[in-house]
S.K.: 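Can you keep this structure in mind? I'll have questions shortly.
From a predicted model like this one, the values you see are computed outputs, not experimental measurements.
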Amino acid sequence: MSFPTATNVLKKLRDAGYQAVFAGGCVRDTLLGRTPHDYDIATNALPAEIEKLFVRTIPVGAQFGVIIVLESNQEIQVATFRSDGTYTDGRHPTSVTYTSAEEDAKRRDFTINGLFYDPIKDEVFDYVNGREDLTKKIIRAIGNPRERFQEDKLRLLRAIRFATTLGFTIDPATWEALLELAPEIHSVSAERIRDELQKILLSPNRLHGFDLLDQSGLLREILPEIERLKGCEQPPEFHPEGDVFVHTRLMISLLSPEPSLPLVLSVLFHDIGKPATRTVDPATGKMSFYGHDQLGATMTEKLLQRLRFPNEIIDAVIPAVRLHMSFKDVPKMRLSTLRRLMARPTFHDELELHRVDCTSSHGMLDNYELLKQKEVEFAQMPLIPPPLITGEDLINLGFAPGPEFGKILRAVKDRQLENLIATKEEALVFIQNEFKDSANRPNLSS
């Protein structure tokens with residue numbers, strides 16, 4: 001969002017005789033030398049006065065004094081200075097009272113988000129000691145931390161999100177209140193929880209965020225499937241790093257700074273089926289987890305649906321979980337199977353999942369290196385070339401349409417992917433030789 005556009009909106013409020021300042025996250029980010037994602041304005045103008053002053057507005061939260069101003073194809077949030085009444089649903093106040101900038105700052109969540117900035121005079125207004133906490137890199141609730149969290153339970157996750165993305169520590173009193181109230185996160189909608197969790201997991205500092213979620217008890221509340229990985233022992237010859245939880249945490253630490261969301265989620269959930277499938281042979285003591293990949297995929301689908309992730313994310317994560325064990329069979333795969341594997345739209349994420357899975361356990365990367373080599377080999381050709389024949393060609397050969405069509409077309413495609421045939425003529429010869437006795441084909445010799 002453009003700084004000049006937001007400044008123009010602010011100037012228009014000021015020219016009309018109102019107080020107007022930048023507020024919240026944009027002030028925090030600017031003082032930290034970061035580029036703000038958006039600019040919010042706080043003012044003493046009432047919602048009706050804001051709507052009269054600007055041609056295009058949206059009253060998204062007029063009952064809370066919030067108006068969206070549409071300016072130069074951008075949306076600027078303009079909110080009236082307010083203090084909040086009681087909170088009964090753990091998210092929103094039942095009423096608001098329009099008030100001063102100082103009182104408005106005191107009703108916000110954390111000191112680093114309670115700062116105001118006048119871009120005209122280049123002046124910061126700090127009523128909550130936010131600048132000092134910015135300097136000390138501290139996340140501190142404004143006023144009584146327990147009251148701030150009780151007002152809006154989403155702040156429990158926001159505290160961890162800010163500590164993660166900014167690399168800050170959480171003030172001890174704020175942390176103590178967070179620990180106490182973590183079980184109350186369930187009053188927050190799944191969509192809001194998902195959004196905060198996503199920001200934590202996509203941060204380059206995600207391991208710190210994961211640890212804070214774990215230590216605070218929020219991980220247990222939001223993702224009990226991950227909590228159950230603790231104490232699920234694995235064969236030490238393959239997993240010298242420890243139990244499944246330790247393994248998963250180590251994998252998170254090995255991801256690149258900017259992985260895709262499906263990759264992070266597949267790393268987090270790839271082994272959630274292990275606790276339920278773990279067996280130990282009483283005679284040998286051998287541990288097994290047969291079917292954990294398939295069960296894990298089913299569990300992952302339910303989990304992601306529970307958190308209201310969009311279908312395109314779910315559809316990318318589930319196959320990665322379901323197929324992550326198939327990479328161990330790469331050296332034995334037929335060329336056709338290998339090419340189909342590598343042609344999958346999610347292959348690169350799945351390959352990276354395999355890399356961190358191996359690196360965090362036994363350390364054997366033979367199959368990973370083999371696949372990287374195959375990527376180079378296949379770089380100059382389509383992994384899945386256009387088909388050599390169609391169903392119409394089979395009809396012309398005398399085959400009757402039916403279930404065998406798929407079998408024949410698949411067999412031809414396999415031969416093509418294995419570089420055994422390359423032309424339509426070769427494909428037709430193969431079909432006539434291989435399927436000459438097909439029950440669905442008339443006797444061509446008669």
Side-chain angles (χ1 to χ4, degrees), residues 164-165 197-211 213 223 225-226 229 234 238-242 244-274 289 292-294 296-297 299-301 303-304 309-333 337-379 383-384:
T164 301
T165 58
L197 188 64
Q198 181 171 314
K199 291 172 184 176
I200 292 168
L201 294 176
L202 287 181
S203 167
N205 202 23
R206 69 185 64 85
L207 184 64
H208 180 51
F210 179 79
D211 287 342
L213 287 171
L223 298 173
E225 297 88 348
I226 302 299
L229 302 181
Q234 304 182 95
F238 298 114
H239 288 279
E241 75 280 8
V244 184
F245 184 86
V246 171
H247 170 66
T248 300
R249 180 184 180 277
L250 187 54
M251 286 178 66
I252 292 172
S253 75
L254 293 172
L255 287 170
S256 65
E258 297 184 356
S260 71
L261 179 60
L263 174 57
V264 181
L265 293 174
S266 64
V267 165
L268 192 57
F269 303 138
H270 78 291
D271 273 349
I272 60 174
K274 277 192 169 180
F289 303 91
H292 81 273
D293 43 359
Q294 305 305 308
M299 293 172 64
T300 296
E301 181 174 16
L303 188 160
L304 294 177
F309 276 93
N311 288 335
E312 59 266 27
I313 298 298
I314 297 175
D315 291 343
V317 176
I318 292 173
V321 174
R322 179 181 291 119
L323 297 174
H324 77 274
M325 293 298 293
S326 66
F327 280 75
K328 66 180 174 53
D329 300 322
V330 162
K332 300 179 291 184
M333 285 182 182
T337 304
L338 183 62
R339 289 174 72 164
R340 285 191 176 96
L341 172 72
M342 295 179 65
R344 292 166 48 78
T346 53
F347 171 72
H348 289 98
D349 274 353
E350 292 170 7
L351 181 59
E352 182 64 5
L353 169 63
H354 175 68
R355 182 188 72 83
V356 297
D357 197 4
C358 295
T359 304
S360 62
S361 52
H362 48 70
M364 293 182 286
L365 294 172
D366 301 22
N367 292 349
Y368 173 79
E369 297 297 344
L370 174 61
L371 287 166
K372 295 299 290 185
Q373 177 186 332
K374 290 296 181 183
E375 282 189 312
V376 175
E377 290 179 19
F378 295 140
L383 282 166
I384 307 294

S.K.: Side-chain polar contacts of residues 358-367 - donor-acceptor pairs under 3.5 angstrom, sequence neighbours left out - could you list them?
M.R.:
unit_1 : atom_1 : unit_2 : atom_2 : d
Thr359 : OG1    : Arg355 : O      : 2.7
Ser360 : OG     : His247 : ND1    : 3.2
Ser360 : OG     : Val356 : O      : 2.8
Ser360 : OG     : Asp357 : O      : 3.1
Ser361 : OG     : Asp357 : O      : 2.7
Ser361 : OG     : Cys358 : O      : 3.3
His362 : ND1    : Met364 : N      : 2.9
Asn367 : ND2    : Phe327 : O      : 3.0
Asn367 : ND2    : Lys328 : O      : 3.4

S.K.: Do the non-hydrogen side-chain atoms of Thr164 and Lys199 ever get within less than 4.5 Å of each other?
M.R.: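 Result no, sub-4.5 Å side-chain heavy-atom pair not found.
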S.K.: Name all residues meeting the ring pair (Phe, Tyr, Trp, His ring centres under 6.0 Å) criterion together with Phe245; count only those two or more places apart in sequence or in a different chain, and write none if there are none.
M.R.: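 Here the qualifying residues are Phe210.
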S.K.: Do the side chain of Arg322 and the main chain of Ala297 share a donor and acceptor less than 3.5 angstrom apart?
M.R.: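 Judged by distance alone, no pair lies under 3.5 Å.
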S.K.: Given side chains that start at C-beta, do those of Leu265 and Phe309 come closer than 4.5 Å, heavy atoms only?
M.R.: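 A side-chain contact under 4.5 Å exists here.
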S.K.: Excluding sequence neighbours, so at least two apart, what forms ring pair (Phe, Tyr, Trp, His ring centres under 6.0 Å) with His324?
M.R.: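 If we apply the ring pair (Phe, Tyr, Trp, His ring centres under 6.0 Å) test to His324, skipping adjacent residues, the hits are His270, His292.
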S.K.: Just to verify, which of Leu197, Thr300, Leu201 counts as forming a side-chain contact (heavy atoms from CB on, under 4.5 Å) with Leu268?
M.R.: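 Among Leu197, Thr300, Leu201, the one meeting side-chain contact (heavy atoms from CB on, under 4.5 Å) with Leu268 is Leu201.
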S.K.: Restricting to side chain to side chain contact (heavy atoms under 4.5 Å, CB included), what partner residues turn up for Ser253, sequence neighbours left out?
M.R.: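 With neighbours one apart ignored, the set is Leu207, Leu250.
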S.K.: Of the non-hydrogen atoms in Pro262 and Asp349, which two are nearest, and what is the gap between them?
M.R.: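 That would be CB-OD2, 4.1 Å.
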S.K.: Please list, chain by chain and in numerical order, all residues satisfying salt bridge (Lys or Arg N to Asp or Glu O under 4.0 Å) with Glu225, sequence neighbours excluded.
M.R.: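 If we apply the salt bridge (Lys or Arg N to Asp or Glu O under 4.0 Å) test to Glu225, skipping adjacent residues, the hits are Arg306.
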S.K.: Within the side chain of Ser266, is there an N or O that forms a donor-acceptor pair under 3.5 Å with the backbone of Leu263?
M.R.: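 Such a contact is found between Ser266 side chain and Leu263 backbone.
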S.K.: With the side chain counted from C-beta on, respond yes when Leu353 and Val321 share a heavy-atom pair under 4.5 Å apart, and no when they do not.
M.R.: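 SC-SC contact between Leu353 and Val321 ruled out.
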S.K.: Can you name the side-chain hydrogen bond (donor to acceptor under 3.5 Å, both in side chains) partners of Glu369, sequence neighbours left out?
M.R.: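 side-chain hydrogen bond (donor to acceptor under 3.5 Å, both in side chains) list for Glu369, sorted by chain: empty.
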S.K.: Hey, does Ile226 have a side-chain heavy atom less than 4.5 Å from the side chain of Phe269?
M.R.: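 SC-SC contact between Phe269 and Ile226 confirmed.
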S.K.: Does Phe378 have more than 12 heavy atoms from other residues, nucleotides or ligands lying within 6.0 Å of its CZ?
M.R.: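 More than 12 heavy atoms, drawn from other residues, nucleotides or ligands, come within 6.0 Å of this atom.
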S.K.: Val330 versus His354: any side-chain heavy-atom pair under 4.5 Å?
M.R.: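 In short, these two side chains do not touch, never coming nearer than 4.5 Å.
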S.K.: Name all residues meeting the ring pair (Phe, Tyr, Trp, His ring centres under 6.0 Å) criterion together with Phe347; count only those two or more places apart in sequence or in a different chain, and write none if there are none.
M.R.: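 Listed in chain order: nothing, the list is empty.
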S.K.: Shortest non-hydrogen contact from Ile272 to Leu229?
M.R.: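 That closest heavy-atom pairing would be CA-CD2, 3.9 Å.
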S.K.: Who pairs with Lys374 by side-chain hydrogen bond (donor to acceptor under 3.5 Å, both in side chains), at least two apart in sequence or on another chain?
M.R.: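 Here the qualifying residues are Glu377.
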S.K.: Tell me whether Arg206 contacts the main-chain N or O of Thr165 through its side chain, where contact means a donor paired with an acceptor under 3.5 Å.
M.R.: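 Checked: no pair found.
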S.K.: Report the residues that fulfil salt bridge (Lys or Arg N to Asp or Glu O under 4.0 Å) with Arg340, sequence neighbours left out, ordered by chain and then residue number.
M.R.: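 Per chain and number, Arg340 pairs via salt bridge (Lys or Arg N to Asp or Glu O under 4.0 Å) with Asp414.
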S.K.: Do Leu371 and Leu338 come within less than 4.5 Å of each other through their side chains, counting heavy atoms only?
M.R.: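 Counting from C-beta outward, Leu371 and Leu338 do come under 4.5 Å.
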S.K.: Mind checking what makes side-chain hydrogen bond (donor to acceptor under 3.5 Å, both in side chains) contact with Thr346, not counting sequence neighbours?
M.R.: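 In terms of side-chain hydrogen bond (donor to acceptor under 3.5 Å, both in side chains), with neighbours along the sequence ignored, Thr346 is linked to Arg344, Glu350.
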S.K.: Going by the rule side-chain hydrogen bond (donor to acceptor under 3.5 Å, both in side chains), which residues pair with Asn205 if we only count those two or more places apart in sequence or in a different chain?
M.R.: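 Applying side-chain hydrogen bond (donor to acceptor under 3.5 Å, both in side chains) to Asn205 gives none.
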S.K.: Less than 4.5 Å apart, any side-chain heavy atom of Gln234 and any of Phe238?
M.R.: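 With C-beta onward as the side chain, the pair stays apart.
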S.K.: To the nearest 0.5 Å, how far apart are NE2 in His208 and CG in Leu213?
M.R.: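 CG of Leu213 is found 10.0 Å from NE2 of His208.
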S.K.: Check salt bridge (Lys or Arg N to Asp or Glu O under 4.0 Å) between Asp329 and all other residues, then give those that pass, not counting sequence neighbours.
M.R.: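 Once residues adjacent in sequence are excluded, the partners of Asp329 under the salt bridge (Lys or Arg N to Asp or Glu O under 4.0 Å) criterion are Lys332.
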S.K.: Side chains of Glu352 and Val267: closer than 4.5 Å at any heavy-atom pair?
M.R.: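 They are not in side-chain contact.
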S.K.: Run the numbers on Glu375 and Leu351 for side-chain contact (heavy atoms from CB on, under 4.5 Å), then give the verdict.
M.R.: CA-CA 11 Å; Glu375 282 189 312; Leu351 181 59; 4.2 Å; yes
